[in-house]
Amino acid sequence: MKLLITGGAGFIGSNFVHYWTKKHPKDKVRVIDALTYAGNRKNLEPVKRKIEFVEADITDKGKVKEAMKGVDAVVHFAAETHVERSILDPAVFWKTNVLGTQMLLEEAKKAKVPRFHHVSTDEVYGELELDSDERFNEKTPYAPRPDNLYAISKAEADRVVREFAQGNKMHITISNCSNNFGPYEFPEKYIPILITNLIDGYKVPVHGDGLNVRDWIHTEDHAKAIDLILSKGKEGETYLIGSENDVPNKEIAERVVRLYGKDPTWVKYVPDRHSNDRRYAIDPTKIYTELGWKPTITKENFDEGLNETIDWYKKSEDWWRPLLKRKAPVTNGEKRAFAFITLDREVGKVKFEYKYADEDIDKKPVLGRKMMEDKVRTGLIKTKLKTRQWYKNTSKPYRDRLLALAKDPKTQGFVDDLAGRPDVIGSVKQLKLIRLAHAPQKYGIYGIAAWFQVETAEGEKKVEGYYSWAMGTKSGAKLLVLTRYKGRISHIALLKSEKFPIGARVYDLAGGFPNLDESVFELITRKLKDELGIEATNSTMRIGEIIGLGRVMPDAGMTNNHPYLYAVIVDVDEKIFPPLNEGENYETDKGLVLWPIEKLSELINKVDDAYFLSALARLKLGGLTNIKF
Ligand code: NAD
C-alpha cells in the first residue's frame, strides 16, 4: 500500500509516520508538508530513509496533484493548529484547514485514490461544563467557541469532508480526537512546558485555577486508532477517539513534578490564558465496540505514558532546545514581517515578537493562488446557501445578487455569514430574503443589511432586519497602544477625537474595520499611522509586540460584530516624542495623547470607552505583559 500523509512533519503526523513505518514496513509512505513554523523536518530524521518527503503546501494544486500519483490512501493531518498565530494571519487558518482539505479531496478524486481519512479535533464540539458528566460523542452537535479560529476552521473542514463524501464514491472517514501527548511536541505546549521547565530548573506554571480538564491520549494510541479506522472503518463514518483519561490541568502538573522527583512547591499558579476552555471529554464507545480499539495508556497507567514522555524530552534536548526561540514566517507574499516565537517559561506563554524584514521575506506573488482560493470559497458558499430553504424561497433577482456578491472576493465574507443563517431561529421561521442593501463600494463595504420575511410560532408574518459584518478579524479591531522606551513601557497612546454621533471630545482607541483584503498586521500598522501618527516601520519607532486579547461582544443579538482587542507595544526612540520623560503627558494637535503609565488611575476616571477598559483588564488579569500598573 502507498500512503500519502499530509502534515507528517508536525507533532501528531510525525508520530504517525514513525508508527506506520514500524508497523507496516512494506508499505510506501509519502509525506507532504509545507514546513510552516509548526513543522519540523527533524521530526522525521530517524525514518528519513524509509519515506519520501515532499515539501509543499496542500493548497498548491500542481504539487498536490503530483503527490497523489499512485496513492492508495490519504491520511490528512496538515492544519494550522497554533491559535496564537491567528493574531497576525487569520486567513491562513481558513486557507489551510478548509481550502487545503477541499483541494486534497478534489485531487484525490481526480487521481482515483480510493481511501481518504480526515483527522480532526474534539474542539469542534466546544467546551463542557466543569461539573457535568457529559462527554462528546458522534451525535454531539458542533459548537466551536466563537473566539477559537482553529476550532471554527476545523469544523468547517469537517463539513466540507462530509459534503464531499456524500457526493462522491471515495471511501472517506473522519476522526475527532482529544488532546495528544508524546514525543516531538513543541516546547510551548502544555506537557512539554512542564517537563522542559523542570529540566532547566524553572517551576511549572498552571494557568488560572488549574481545574480545566483535558482528555489525554498518547500519540501512539491515536496512531493505532487511525490504523484501525483505515482498515475497518465504515465508509462515511465519524469516530471519536479518546482514552477516557480526562484530568484537570493542575493534576497533570502535580504528577509531572512528582514523577520528576520534585516536591509540590515546584507547581506555580499563574494568571489564566484568554479563552481557556473548561472541559473536554470524549465518549469512545463507538470505536471501542465497532472497531475493537483499546488505548494502552489510560487513567490507570497515565504515569507510565508521562514517564516515557519525560524520558524522551530528557534525552532529546538537541531537538527541543533550538525550538525555544524560533523564527516564524508570517508573510504570504508581499507582507513584510516575520515573527520570533519565544516562550515565557515563568508563565508558560508564547510570545510573538514581530519584526520587519525586507531582506528576509519570500516575495513570491500570490495572485494566482489567491484567485483559486476565492473561487473555491465561492463554491463552498454557494453549496451552503443551497442547503437553506429561505434561500430557495427567495426570488431569482435576489438569489442572483447574493451569488454575485459571493463571487466577489471583497464581499464574499458577508454572504458566507448570511449563508450561515439557519431556517429556524428560536421558534421563528426565516421564510425568504426580501431586501438587501449596502453602502456604495467606494466607501468600502464592511457590512450588508438584509431583510427577511419571517413567521413566528403563532403564525404571524413580519419583516426582520439583520446586519451582516464580515466575520472574524473583519469584524474590526481595537488597539491598546503602549509605548516602550528603553525596554520599559512608559505611556499609553490614545486618540482624542470627536465621538460619532454625539460630537463630544473623548479619548478613544485606535482601530476600526480592516480593508477586506488586509491582514491584521497591515491594519495595525495602517491605523497606527493614520490615527495616531505613529509610523512604526523604522528603526526609531517599530512594533515590538502584538498581544491578542480576544474578542469582545459589544452588543448582543443585533449583529455579529465581535471586534478583536490587541495590545500593541511600540518601541520608540526618545527623539520621536520629545518629552517622553517618566510621568509626563504629551498631546499633539492632531489628537495623539501619550499618557504616562504612572498616572493611569487618573486616566481611567476620564475614559469610559468599554474597549479601553476591557483591553486594560485583560492585559492585566491575563498577566500578558510585565507592565506595572
Ligand atoms: P502541528 O501544528 O504540530 O502540525 C501540523 C503540520 O501541518 C506541520 O508539520 C505543518 O508544517 C503542516 N502544515 C500546516 N499548514 C500546511 C499546509 N498549508 N500545507 C502543508 N502542510 C501544512 O499539528 P498537530 O498537533 O500535529 O495536529 C495534526 C492534526 O491533528 C491536525 O489536523 C489537528 O487538527 C489534529 N488534532 C490535533 C490534536 C492535538 O492534541 N494536537 C488533537 C486532535 C486533533
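Numbers here are sequence positions counted from 1. Remember, it's 1-based here, ligands and their atoms both numbered in the order they're listed.
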**Message:** Please check: side-chain N/O of Tyr190 versus main-chain N/O of Asn249, any donor-acceptor pairing under 3.5 Å?
**Reply:** yes
**Request:** For Ser120 and ligand 1, answer yes if some heavy atom of the residue is under 4.0 Å from a ligand atom, otherwise no.
**Result:** yes
**Message:** Counting non-hydrogen protein atoms only, what is the nearest one to atom 21 (N) of ligand 1? Give residue, atom name and distance.
**Reply:** Ala34 N, 3.0 Å
**Request:** Measure the distance from atom 25 (O) of ligand 1 to every protein heavy atom, then report the residue, atom name and distance (to 0.1 Å) of the closest one.
**Result:** Phe11 CD2, 3.8 Å
**Request:** Kindly identify the option in Val119, Val124, Asp57 whose heavy atom sits closest to atom 18 (N) of ligand 1.
**Result:** Asp57
**Asked** Is Asn40 in polar range of ligand 1, meaning some N or O pair under 3.5 Å apart?
**Response** no
**Prompt:** So, the side chain of Trp293 versus the backbone of Asp221: is there a donor-acceptor pair under 3.5 Å, distance only?
**Reply:** yes
**Request:** Do me a favour and list the nearest non-hydrogen protein atom to atom 31 (C) of ligand 1 with residue, atom name and distance?
**Result:** Phe77 O, 3.1 Å
**Request:** Return yes if a side-chain donor-acceptor contact under 3.5 Å exists between His24 and Asp227, otherwise no.
**Result:** yes
**Message:** So is Ala56 touching ligand 1 or not, going by heavy atoms under 4.0 Å?
**Reply:** yes
**Prompt:** In the protein, what heavy atom is nearest to atom 38 (C) of ligand 1, and what distance, to one decimal place, separates them?
**Reply:** Ile12 CD1, 3.4 Å
**Between His218 and Thr296, a side-chain donor and acceptor under 3.5 Å** = no
**Request:** Among all protein heavy atoms, pick the one closest to atom 1 (P) of ligand 1 and tell me residue, atom and distance.
**Result:** Thr81 OG1, 3.7 Å
**Message:** Between Asn43 and Trp319, do the side chains contain a donor N or O and an acceptor N or O under 3.5 Å apart?
**Reply:** yes
**Message:** Polar contacts were defined as any N/O atom of the residue lying under 3.5 Å from an N/O atom of the ligand; does this apply to Ala78 and ligand 1?
**Reply:** no
**Request:** For ligand 1, indicate whether the residue Lys154 contacts it via side chain, backbone, both or neither (heavy-atom separation under 4.0 Å).
**Result:** side chain
**Item:** Protein contact of atom 4 (O) of ligand 1 - nearest heavy atom, named by residue and atom, plus distance
**Value:** Gly10 CA, 3.3 Å
**Message:** Pairs of nitrogen or oxygen atoms closer than 3.5 Å, one from His222 and one from ligand 1: do any exist?
**Reply:** no
**Item:** Gly8 heavy atom under 4.0 Å from ligand 1
**Value:** no
**Prompt:** Quick one: does Phe181 get a heavy atom under 4.0 Å from ligand 1?
**Reply:** no
**Fill in**
atom 14 (C) of ligand 1 sits nearest the protein heavy atom Ala79 O, 3.4 Å
**Closest to atom 33 (C) of ligand 1 (judged by heavy-atom distance), picking from Trp216, Tyr150, Phe16** = Tyr150
**Prompt:** Using a heavy-atom cut-off of under 4.0 Å, does the side chain or the backbone of Leu35 touch ligand 1, or both, or neither?
**Reply:** backbone
**Prompt:** Got an N/O contact under 3.5 Å between Thr36 and ligand 1?
**Reply:** yes
**Message:** In this structure, is the centre-to-centre distance between the rings of Tyr125 and Phe136 below 6.0 Å?
**Reply:** yes
**Request:** Using distance alone, determine whether Ile58 and ligand 1 share an N or O pair under 3.5 Å.
**Result:** yes
**Message:** Does ligand 1 come near enough to Asp33 that some N or O of the ligand is less than 3.5 Å from an N or O of the residue?
**Reply:** yes
**Message:** Counting non-hydrogen protein atoms only, what is the nearest one to atom 42 (C) of ligand 1? Give residue, atom name and distance.
**Reply:** Ser178 O, 3.2 Å
**Request:** Check whether any N or O atom of Thr59, backbone or side chain, sits under 3.5 Å from an N or O atom of ligand 1, and answer yes or no.
**Result:** no
